[in-house]
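Heads up, the thing below is written out as structure tokens.
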Amino acid sequence: MNRKLKNLVVLALFLVILFVSTFTGAFGHQYEWPQLDKDQGNFHGLIFDAPTNVSNLNVVRSIDQNEKDPLVCYDIQFTYAGDNSNMRILGVPNRHVYLPEGVQAHRSNVTLKGEYDKINQNLFEKLSTNNLLKKEGISSFKAISQMRVPLSSKVADYAFTVYEKPIPLYSRNYDKLADLSVFITNARMDRFTDSNIAKKGSSLKVNTKADSQAGTYVNHLERIDEGKLNNISLRKNICTVLFIVSLIASALFIWLDKNKLFYGAMIFMMIMIPSFYPLMDVGVSTLAMLLLYPLLAFIAALASKLMHYDQVKLTTNDLKQSFAFTIVFFILNMVIFILPRAF
């Protein structure tokens, strides 16, 4: 076999090994994007058994900045007139809900049925963070409720506050990238306003949008740290450029077919290892960095040694030199990738 062709086959096999490695348990989205508790993907809001009996519904949404993890605060007011019925508070209230005097809430856990699949489908098309949500394990929101509140025209005017946790979105090191909340109700909304949803001088980009879907009022709030998201995007772009340049350079060295250039091919093949997985949007476990990265580096070193020969063969000295190059790679790997994870 022509040596150039043989070496191109060796390079192709190395790329196949990189690709196949992504199917092992040491790689996966969960190492780059922490998987959220599915129970966090809940709607906030109010669902009425008799929504036509509700009028003057006003909601003021704000962020309680006093908490270590900010809470979404909903100040709610409405008037109820008609036969006795019930209202469901969606989500999981984080603090006690103080209802008007004489109104006693009942605790019952249910998942409401309805047109929520359609609401989710339309909503996810509008969310700036929809890709992050899916990466972190949430592809839809649930209409769960833990509180049922009786409604009566004798009370008429209802006013209360509900505090709930937004859905947090994190990077691999649990650095918050964004949080969001979605308020829905099946009653006619008279006024929905936002107040103090970001600290003064905050770098957060705030997105809000109101919509009506399947007869339900929907209002979502996204607070996005664009700087952190841009850093993640920049890192992926750098890895993409490094991988493409390394692949082209390795192929060029093979095509030039000079023995001394094969050491350059080895270096570029080693560069492909840490740049390949971000390019594929695949997270890497620390164990994989400690064990599989050096193993792949050893394979890259052996591959470059194979390129020296017209036939497929390796000597004991080749194995020793490949092991020495792997140790150098391991040290650089520790300094550049593993140690920063510990801080």
Side-chain angles (χ1 to χ4, degrees), residues 1-29 31-32 232-338 340-341:
M1 181 186 294
N2 179 278
R3 189 163 83 158
K4 290 182 181 179
L5 179 59
K6 180 209 67 170
N7 291 343
L8 288 173
V9 171
V10 170
L11 177 61
L13 287 174
F14 177 72
L15 295 175
V16 169
I17 291 172
L18 287 179
F19 179 74
V20 171
S21 68
T22 61
F23 295 99
T24 67
F27 301 91
H29 287 299
Y31 298 115
E32 188 67 23
I232 292 175
S233 178
L234 176 62
R235 185 186 66 175
K236 183 175 180 178
N237 290 338
I238 290 173
C239 288
T240 300
V241 171
L242 284 175
F243 182 85
I244 293 174
V245 169
S246 298
L247 179 59
I248 294 173
S250 298
L252 178 62
F253 288 162
I254 289 172
W255 187 256
L256 293 174
D257 198 27
K258 302 292 183 180
N259 280 341
K260 290 184 179 180
L261 293 180
F262 292 138
Y263 287 106
M266 176 191 66
I267 293 172
F268 281 112
M269 288 167 71
M270 288 185 174
I271 292 175
M272 289 184 203
I273 297 169
S275 62
F276 175 75
Y277 301 103
L279 170 65
M280 297 293 291
D281 201 21
V282 175
V284 184
S285 67
T286 303
L287 184 63
M289 287 185 174
L290 283 169
L291 299 178
L292 292 183
Y293 271 20
L295 176 60
L296 292 169
F298 184 66
I299 292 172
L302 289 179
S304 70
K305 288 295 181 181
L306 282 173
M307 293 176 183
H308 285 274
Y309 306 115
D310 294 330
Q311 299 178 343
V312 179
K313 67 175 184 178
L314 289 169
T315 66
T316 303
N317 191 49
D318 291 331
L319 294 173
K320 290 179 179 178
Q321 288 186 5
S322 296
F323 185 70
F325 286 126
T326 302
I327 292 175
V328 174
F329 175 89
F330 180 78
I331 294 172
L332 293 174
N333 182 46
M334 285 288 293
V335 173
I336 298 173
F337 299 108
I338 297 176
R341 282 197 170 198

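Just so you know, residue 1 is the first one in the sequence shown, and it goes up from there.
Two residues are said to be in side-chain contact when any heavy atoms from C-beta on lie closer than 4.5 Å; Met266 and Phe253 fail this criterion. Looking at Leu18 and Tyr277, their side chains come closer than 4.5 Å, going by heavy atoms from C-beta outward. Between Phe276 and Phe19 there is a side-chain heavy-atom pair separated by less than 4.5 Å. Taking 4.5 Å as the limit, every side-chain heavy atom of Ile267 sits out of range of all side-chain heavy atoms of Tyr263. Residues Met272 and Leu11 are in side-chain contact: their nearest non-hydrogen atoms beyond the backbone lie under 4.5 Å apart. Residues Leu302 and Leu319 are in side-chain contact: their nearest non-hydrogen atoms beyond the backbone lie under 4.5 Å apart. Between Val16 and Val20 there is a side-chain heavy-atom pair separated by less than 4.5 Å. Between Met334 and Leu290 there is a side-chain heavy-atom pair separated by less than 4.5 Å.
Aromatic rings from Phe27 and Phe23 are positioned such that their centres are separated by 6.0 Å or more.
The main-chain N or O of Ala26 is found under 3.5 Å from a side-chain atom of Ser285 such that the two form a donor-acceptor pair. Side-chain N or O atoms of Arg3 include none that pairs as donor or acceptor with a backbone N or O of Ile254 at under 3.5 Å. Of the possible donor and acceptor atoms, one in the side chain of Asn333 sits under 3.5 Å from a partner among the backbone N and O of Met289.
Here the CZ-CZ distance, from Phe298 to Phe330, works out to 15.0 Å after rounding to the nearest 0.5 Å. Taking CD1 from Ile327 and OG from Ser322, the interatomic distance works out to 11.5 Å, rounded to the nearest 0.5 Å. Distance check, rounded to the nearest 0.5 Å: CD1 of Ile271 to CZ of Phe329 gives 10.0 Å. The NZ atom of Lys236 lies 6.5 Å from the OG1 atom of Thr240; values are rounded to the nearest 0.5 Å. In this structure, CG on Asn237 lies 11.0 Å from CG on Leu242, to the nearest 0.5 angstrom.
Scanning both residues, Phe262 and Met307, for their nearest heavy atoms gives CE1-O, 2.9 Å. When all heavy atoms of Ala301 and Phe325 are compared, the pair lying nearest together is CB-CB, 4.4 Å. In plain terms, the two heavy atoms of Ala300 and Met270 that are nearest each other are CB-CG, 4.1 Å. Minimum interatomic distance between Cys239 and Pro274 (heavy atoms only, all atoms of both residues): SG-O, 4.4 Å. The two residues Ala303 and Val10 come nearest to each other via the heavy atoms CB-CG1, 3.5 Å. When all heavy atoms of Val282 and Gly28 are compared, the closest pair comes out as CG1-N, 3.4 Å.
Put simply, the residue from Phe337, Tyr293, Tyr31 that forms a side-chain contact (heavy atoms from CB on, under 4.5 Å) with Val284 is Tyr293. When each of Thr326, Ile273, Ile17 is tested with Ile299 by the rule side-chain contact (heavy atoms from CB on, under 4.5 Å), just one qualifies, namely Ile17.
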Report task. List the steps and the verdict of side chain to side chain donor-acceptor pair (under 3.5 Å) for Thr315 and Asp318. Result -> CA-CA 5 Å; Thr315 66; Asp318 291 331; 3.0 Å; yes
